[in-house]
Amino acid sequence: MLLLLLLLLLVLLLALAARWRASWSNSHWRRRGICGPQGCPLLGNMALFALGQRSYGEVYAQIYREHPGLRYVGFYRLFNEPALLVRDERLLREVLVGSSFACCADNAVNVDAQRDVLASCNPFIASGDRWRKLRADLVPLFTPSRLRQTLPHVAAACQQLRPFVERRLIRERFEAKALATRYTLQVIASAAFGLDAHCLCQDEQQEQGSEWLEWLVPLFQPSAWSLPETIALLHSSRLASILQHRYVPLSLQHWLCDLVRTSASANSFLRWLGEQQGSDLAGHATTLLLEGYETSAMLLAFALYELSLNESVQRRVHAELTEVAKRHGGLLLGHAALAELRYAEATLLETLRLHPAMQALQKRCTKSFTLPAQRWDTDTETDSSLQVALGTVLVLPVQAIHLDPQLYAEPLKFQPERFMDASPGLGCRFLAFGAGPRMCPGMRLGLAQTKAALVTLLQDYSVHLADQRQPPVQVSPLTFLTASKQGIWLQLRKR
Ligand code: HEM
Ligand SMILES: *[C@@H]1O[C@H](CO)[C@@H](O)[C@H](O)[C@H]1NC(C)=O
């Protein structure tokens with residue numbers, strides 16, 4: 001009896017201590033005079049995300065919307081980690097491109113270099129000098145002249161896409177992301193390794209045993225493990241080691257290393273990398289593959305979806321490609337023709353505005369620096385400025401910025417015209433590729449391969465919803481890269 005009572009007392013004390021600790025860490029920002037939402041114990045302001053109800057992008061978007069008067073908001077990520085959500089365009093610029101870049105250049109992701117050997121060679125994941133070196137290895141692959149040398153791989157995949165669609169999809173409803181993934185895998189296998197991935201075979205017999213489809217299609221798909229993996233990746237290195245999570249599963253790692261050993265045909269990324277001294281081939285191959293297919297496939301799928309929703313945009317894309325094809329003897333896949341397809345490109349940028357692959361960028365402060373006063377209406381006096389502590393995560397809420405009516409009028413409307421005259425690189429209001437020294441080096445290639453497939457499909461077909469009554473596509477709340485919950489179901493009709 002006494003024992004039971006003691007036990008009860010102990011539990012009570014522990015609960016009180018936990019509660020006190022929670023409220024203490026919850027007062028982190030209050031004690032520093034920084035405004036922001038109250039967090040709950042343990043889950044901070046991310047309860048809906050932790051429960052699998054909202055994507056992290058939506059959670060950040062709500063915090064963004066609820067604090068219009070502030071340049072940045074003090075809030076709590078999971079496990080009560082104090083973090084700052086940056087709202088002001090000038091500050092975003094400062095952090096990504098300007099003088100504060102050097103103080104928060106690292107992405108806040110938890111990947112264990114010992115456990116996840118290949119993934120940790122990704123510049124997105126690496127930090128400090130290692131990042132600089134890895135990025136410097138890759139950047140020469142994406143110069144305009146290398147892009148031109150890469151385009152034949154893109155054109156070849158488009159040439160396979162045509163009969164594939166003709167034979168296997170026409171008049172049937174299909175899942176756009178699945179089709180798009182086949183295509184981007186076909187491109188990247190060819191461009192990076194010089195290999196035929198057998199993802200766009202005309203009959204199903206031939207594609208039997210396409211290891212590319214088998215290994216890589218499920219990798220980014222929402223599953224029962226997605227949420228704990230996303231939480232581990234973004235919020236907790238401890239959880240990551242408990243789960244023994246690997247971004248690149250061990251079996252995939254072996255398969256990739258074999259691929260790298262056995263292939264490096266001329267005019268492929270691997271061959272070009274091989275000509276450089278001392279670069280880690282297997283690591284770079286992994287980066288090119290994983291970065292190369294998923295984001296572009298999602299972009300292609302969402303672009304087809306948006307076109308099926310908005311007839312007037314689709315008509316304009318059709319009109320443009322007819323006109324450009326006329327000028328180029330019916331061929332759209334050369335460098336010059338692709339460059340002339342400006343409305344198609346604007347359509348892709350507008351798609352990324354509404355559906356950015358990364359809903360937020362999250363940077364970690366590696367050297368303390370100062371932010372100006374939190375409120376717009378206060379001047380930058382030193383006494384109301386904030387000294388950002390080492391290790392603090394700065395959230396740059398990409399999705400929230402892209403949907404801010406102050407930055408984009410009628411933000412929910414799909415209007416590629418927004419991108420027809422403004423260059424998206426200007427300012428930090430378009431962040432689908434990030435900005436500054438860490439900006440996506442594959443942007444041109446990603447846009448080119450997606451655009452090539454888009455116009456290849458639209459040259460022959462118009463695209464429609466599979467079912468006019470289907471509910472709008474929902475974004476999975478579980479994944480790190482934007483994915484749809486139930487798939488994107490569409491139908492093609494011959495033009
Ligand atoms: C539409 C397609 C793509 C989108 C939306 C996209 C988006 C992004 C974003 C948001 C980042 C993070 C930027 C930051 O940390 O500030 C990034 C980084 C990166 N991307 Fe892409 N990307 C795309 C295609 C590609 C392609 C095709 C490749 C290469 C084959 C590529 C290679 C990389 C690499 C290596 C990084 C890390 C850069 C660094 O940290 O220095 N991306 N991408
Ligand atoms: C469809 O596209 C047109 C042209 O960009 C645009 O004006 C209109 O607002 C779009 N409609 C919707 C519902 O997004």
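Heads up: numbering here begins at 1 and tracks the sequence. Side chains included, hydrogens not; waters and symmetry mates left out as well; all remaining heavy atoms used. Counting convention: from 1, in listed order, for ligands and their atoms alike. All figures in this text were calculated on a predicted structure; none of them were measured in a lab.
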Is it the case that over 12 heavy atoms from other parts of the model lie below 6.0 angstrom from the CD atom of Glu311? no
If you apply the rule side chain to side chain donor-acceptor pair (under 3.5 Å), what do you find for Glu417 with Tyr343, and how did you get there? CA-CA 8 Å; Glu417 288 75 9; Tyr343 192 75; 3.0 Å; yes
of all protein heavy atoms, closest to atom 11 (C) of ligand 1 is Met358 CE, 3.8 Å
Going by an N to O cut-off under 4.0 Å, is there a salt bridge joining Arg444 and Glu345? yes
Does Pro416 reach ligand 2 with a nitrogen or oxygen that is under 3.5 Å from one of the ligand's nitrogen or oxygen atoms? no
From Ala297, Ala432, Gly436, Ala360 - option closest to atom 7 (C) of ligand 1 by heavy atom: Ala432
Suppose I only count heavy atoms of Asn107 and a 4.0 Å limit; which atoms of ligand 1 are within that range? 15 (O)
Minimum-distance protein heavy atom relative to atom 16 (O) of ligand 1: Lys363 NZ, 3.1 Å
Closest approach of any protein heavy atom to atom 2 (O) of ligand 2, naming residue and atom: Asn310 ND2, 2.4 Å
Between CZ of Phe480 and CZ of Phe220, what distance do you get to the nearest 0.5 Å? 9.5 Å
Identify, by atom number and element, the atoms of ligand 2 in contact range of Glu417, meaning under 4.0 Å from any of its heavy atoms. 4 (C), 5 (O)
Scan for salt bridge (charged side-chain N to carboxylate O under 4.0 Å, His left out) pairs involving residues 454-463, sequence neighbours excluded, and state none if there are none. Arg162-Asp460
Atoms of the protein (N/O/S only) found under 2.8 Å from atom 21 (Fe) of ligand 1: Cys440 SG
Electrostatic pair Arg246-Glu229, nearest N-O below 4.0 angstrom: no
How does Val398 reach ligand 1, by side chain, by backbone, by both or by neither, if only non-hydrogen atoms under 4.0 Å count? neither
Within less than 4.0 angstrom of ligand 1, does Trp131 place any heavy atom? yes
Is the distance between the ring centroids of Tyr293 and Trp212 less than 6.0 Å? no
Just wondering, do Leu447 and Thr450 contact through their side chains at under 4.5 Å, heavy atoms? no
